[in-house]
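All values reported here derive from a predicted model rather than from experimental measurement.
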Amino acid sequence: MQLCAAYRIPHSQYLGADTGGRWTALDRAKALAWQAYERAVCEGCGTRAAEWNPDLGGDRFAYVPEPVRCVGCELIEMEREQVPSGAEGRGVKIGLKPRKD
């Protein structure tokens with residue numbers, strides 16, 4: 001469904017059905033279910049509340065935190081420290097681009 005959402009195609013078309021690009025009732029139901037599933041994801045940690053809730057089949061200790069260092073994020077944070085505060089730094093965004101050989 002993630003691929004279907006990215007290409008904005010019905011799931012039946014992805015599976016090879018010749019629907020002429022028309023969305024069936026099942027396609028629409030799948031798209032709405034996928035949307036609800038995606039919206040339930042925490043933007044901070046990537047889990048869903050149900051995964052933690054025993055009443056919904058989850059477990060309060062379903063995950064264990066694991067420190068992970070992203071060198072790209074580290075570089076962005078280091079560069080962010082160089083951005084001036086106040087009016088001069090407003091709107092400054094820092095991204096990464098490939099180093100040219």
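Among pairs with a residue in residues 77-101, none fulfils ring pair (Phe, Tyr, Trp, His ring centres under 6.0 Å), at least two apart in sequence or across chains. Sorted pairs that involve residues 66-86 and meet ring pair (Phe, Tyr, Trp, His ring centres under 6.0 Å), not counting sequence neighbours, are lacking altogether. Applying the salt bridge (Lys or Arg N to Asp or Glu O under 4.0 Å) test to pairs two or more places apart or on separate chains, those with a residue in residues 71-89 are Arg69-Glu74.
In terms of heavy atoms, Arg60 sits closest to Pro54 at N-CG, 4.5 Å.
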Distance-only donor-acceptor hits, side chain of residues 3-18, under 3.5 Å, sequence neighbours excluded:
unit_1: His11; atom_1: ND1; unit_2: Lys30; atom_2: NZ; d: 2.9
unit_1: Ser12; atom_1: OG; unit_2: Asp27; atom_2: OD1; d: 3.3
unit_1: Ser12; atom_1: OG; unit_2: Asp27; atom_2: OD2; d: 2.7

Would you list the atom pairs, donor with acceptor, under 3.5 Å between side chains in residues 35-51 and any protein atom, with sequence neighbours excluded?
unit_1: Thr47; atom_1: OG1; unit_2: Trp52; atom_2: NE1; d: 2.9
unit_1: Arg48; atom_1: NE; unit_2: Tyr37; atom_2: O; d: 3.3
unit_1: Glu51; atom_1: OE1; unit_2: Arg48; atom_2: N; d: 2.6
unit_1: Glu51; atom_1: OE2; unit_2: Tyr63; atom_2: OH; d: 2.4

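Taken from CG in Leu96 to CG in Leu75, the straight-line distance is 6.5 Å, to the nearest 0.5 Å.
Take Asp59 and apply the side-chain contact (heavy atoms from CB on, under 4.5 Å) test, not counting sequence neighbours, and it matches Phe61, Ala62.
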